There are 2 protein chains.
Amino acid sequence: MATLAQVAQHAGVSASTVSYVLSGKRTISTATRLRVEQSIRELGYHPNAGARALASSRSNIIALMVPLRTDMYVPVMMEIAVAVATTARTHGYDVLLLTGEEGPDAVRRVTGSGLADAMILMDVELDDERLPLLRGTDQPSVLIGLPADTSGLTCVDLDFEATGALCVDHLAMLGHRDIAVIGEAPAVYERHTGFAERTLDGLRSRAGKLGVRVLHRPCGGGYDAMSVTLARILDERPGTSGFVVQNEQAVEPLLALLRRQGLAVPEDVSVVAVCPDQVAVQASVRLTSVSIPAQEMGRHAVERLVAKLDGRGTDDVVLIAPELTVRTSTGPAPTAAS
Amino acid sequence: MATLAQVAQHAGVSASTVSYVLSGKRTISTATRLRVEQSIRELGYHPNAGARALASSRSNIIALMVPLRTDMYVPVMMEIAVAVATTARTHGYDVLLLTGEEGPDAVRRVTGSGLADAMILMDVELDDERLPLLRGTDQPSVLIGLPADTSGLTCVDLDFEATGALCVDHLAMLGHRDIAVIGEAPAVYERHTGFAERTLDGLRSRAGKLGVRVLHRPCGGGYDAMSVTLARILDERPGTSGFVVQNEQAVEPLLALLRRQGLAVPEDVSVVAVCPDQVAVQASVRLTSVSIPAQEMGRHAVERLVAKLDGRGTDDVVLIAPELTVRTSTGPAPTAAS
DNA sequence: TTGAAAGCGCTAACAG
DNA sequence: CTGTTAGCGCTTTCAA
């Protein structure tokens, strides 16, 4: 490969001039700039990443740590990852893909080696063991998700509390007084990822204000688990007319089982989902839903990070406001008469 | 951060000794090695990635180019990506995430800058515009997927022809003589990604040999598209008793619509899917399926690549043998009498 | 079994 | 507006 020195020679200028043409950190006369650019093109020059990183102590790489688990929220994760990668590129950064597997060691490795300038962590747990490391380093980072203690950290996430409230608002407005919440698998709650609890908090506190009753049941994906869960709900609260589902795997089973019970959606029962739009529109009933704005979260995270790298930017929490899209799975609560 | 020189000083040896302790490229007396390792630990030393890359012209990074499109086969893509990342780590490599967006430019950039030592391309098209670049460089690469011309390339993919044949074998063995194939969305065929066609080839040639009739219909995801497709199939070939679906988005709609038509699975019609195992077991009927071995493909790709980087390894095509798992969606064809 | 030293290709003072 | 030059931290000959 051609080197900067060769470009300099070819263009009849010094190495630093070429460097400054590349970085734009110095004003260069148009004449020389054009000449240099011409040489760059002719020689097919690409700056060497290693040399650049060494000399500038900047790798122009952002590390993205994704959960190893490929069982939950996969499309969301992927969408975030892709959004991160494309947004990063527009700011001149590449993305290094780390799996959660290595845990805190990966953080140490990346910060220690200067492999990446900054990092984005997904799937953050309430009491994540990587957080102390992040607080203890000057390497900028952004979390996608919300830990219990956000002090000294920058976080981006959907406002799940508002999400819960929004779901209740919508159902209450339609006259539903008994709502069942189908939550994530018990394992998700045990992992203390927080978002499920936050939704529930929002759901409950708004329901309290509006005089709506809420029954919450975690539920693994699949038909069998859903079948048991639904039976218990209808047994315990026969008057349930509204459902909120926050579990991609449970959506289709719920709809199928309701059908089997002779409960029509939205005539007999209404269903609101918290899921990616794609899931909502491809379900067997087009679902009224609060979407999970994966792209926006990825984009936001990168932009926060770049701001920090540029010396702007602060530690804070960005909660994205939820948006509820009404589709055909919700309607007025059936009156007692019917 | 501590530098190699500091470690050397701390341990009372020269820089090169530390370097050799790290790389193992020279025999070091146990005494000094222990001393050096001790110093490394005490100082919390991590080799600087940029310096290492510059001096050795090896970044220890593998680039992974994933499709930008997040509409199709997302879980598979993600699973491959994660498998690539974890496998790469076990070989001492990190993974750089590139989106298809930049196209050939990304290939140029990465090879030119020495950012990565090698690359893996996913979602390869039959006549992919990145291929000439790969052939023209000495940078090792592996494709996941099969282009039209594989000469000079290393490829890893599921053997989709054998997959098609396997599906026909299974259905024919159960007595089905009229099979309908629900394929990918027309857009997939138009993109010339090849795998869909290969499945179809395998399906048809085996069907020809076994005297089975095959009707193929591309189909976008969702209920509406599936509804139209299914109606046309049953209209054209009322005797259809076996279905092969190669389209995650179409699986659940197909099952629901069959149910609505009063066609019981597997009593009246059998369904074989080509999809990840997860989709097969979480569908409303546990599907007999040929699984898409995402992890295995990712792992294979990395291992091929590492072999090349180590000077072993050759250009060739690795087709992974399909495996059909019988679940509850297939059964004997109904006899004419019934 | 170990050291000394010459770069790898680039950036960023410093100097003009 | 441009050139000179001293490193950045590591690898790897060459020499002992």
Side-chain angles (χ1 to χ4, degrees), chain A residues 1-37 39-40 43-61 92 109-117 309 311, chain B residues 1-37 39-40 43-61 92 94 109-117 309:
Chain A
M1 290 286 2
T3 71
L4 183 148
Q6 291 173 318
V7 173
Q9 188 174 12
H10 183 106
V13 298
S14 74
S16 62
T17 298
V18 177
S19 175
Y20 285 119
V21 167
L22 254 27
S23 69
K25 291 187 180 174
R26 205 191 228 185
T27 43
I28 304 281
S29 72
T30 318
T32 50
R33 203 200 29 257
L34 290 175
R35 205 141 36 80
V36 170
E37 283 166 350
S39 300
I40 287 176
L43 300 181
Y45 169 74
H46 282 273
N48 179 291
R52 199 168 239 195
L54 178 57
S56 64
S57 29
R58 284 282 221 135
S59 64
N60 281 297
I61 288 178
R109 193 166 58 82
V110 166
T111 51
S113 66
L115 229 187
D117 297 333
L309 286 166
Chain B
M1 289 289 1
T3 70
L4 182 148
Q6 291 173 317
V7 173
Q9 190 175 11
H10 183 107
V13 297
S14 73
S16 60
T17 299
V18 177
S19 175
Y20 284 119
V21 167
L22 253 27
S23 70
K25 290 187 180 173
R26 199 190 234 184
T27 43
I28 304 282
S29 71
T30 317
T32 50
R33 204 200 28 256
L34 290 175
R35 205 141 36 80
V36 169
E37 283 166 350
S39 299
I40 288 177
L43 300 182
Y45 169 73
H46 282 272
N48 179 291
R52 198 168 241 197
L54 177 56
S56 64
S57 27
R58 284 281 221 132
S59 65
N60 282 297
I61 288 178
D94 270 297
R109 193 166 58 81
V110 167
T111 49
S113 66
L115 230 187
D117 298 332
L309 285 166

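Residue numbers start from 1 in every chain, and the chains themselves are labelled A, B, ... in the order their sequence lines are given, proteins ahead of strands. Predicted, not measured: the structure shown is a model, and the values here were computed from it. For the numbers below, each heavy atom of this structure counts, side chains included, while hydrogens, waters and symmetry mates do not.
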Using a 4.0 Å heavy-atom cut-off to protein, can you give one letter per nucleotide of nucleotides 9-16 of chain C, 5' to 3': B if the base is in contact, S if only the sugar-phosphate is, - if neither? BBSBBB--
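Within the nucleic acid shown, A:Ser57 has no heavy atom closer than 4.0 Å to any nucleic acid atom. Among the protein residues, B:Gly114 comes within range of no part of the nucleic acid, since none of its heavy atoms lies under 4.0 Å from any strand.
The side chain of A:Ser14 places no N or O atom within less than 4.0 Å of a non-bridging phosphate oxygen (OP1 or OP2) of D:dT2.
In this structure, the side chains of A:Ile61 and B:Leu115 come closer than 4.5 Å at one or more pairs of heavy atoms. Within the 4.5 Å cutoff, the side chain of B:Ile28 has no heavy atoms near those of the B:Val36 side chain.
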Residue pair A:Ser16, A:Ser19: steps toward the side chain to side chain donor-acceptor pair (under 3.5 Å) verdict: CA-CA 5 Å; A:Ser16 62; A:Ser19 175; over 6 Å; no
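Between atom OG of residue B:Ser59 and atom CG of residue B:Leu54 there is a gap of 12.0 Å, rounded to the nearest 0.5 Å.
Within a 6.0 Å radius of CD in B:Gln9, no more than 12 heavy atoms belonging to other residues, nucleotides or ligands are found.
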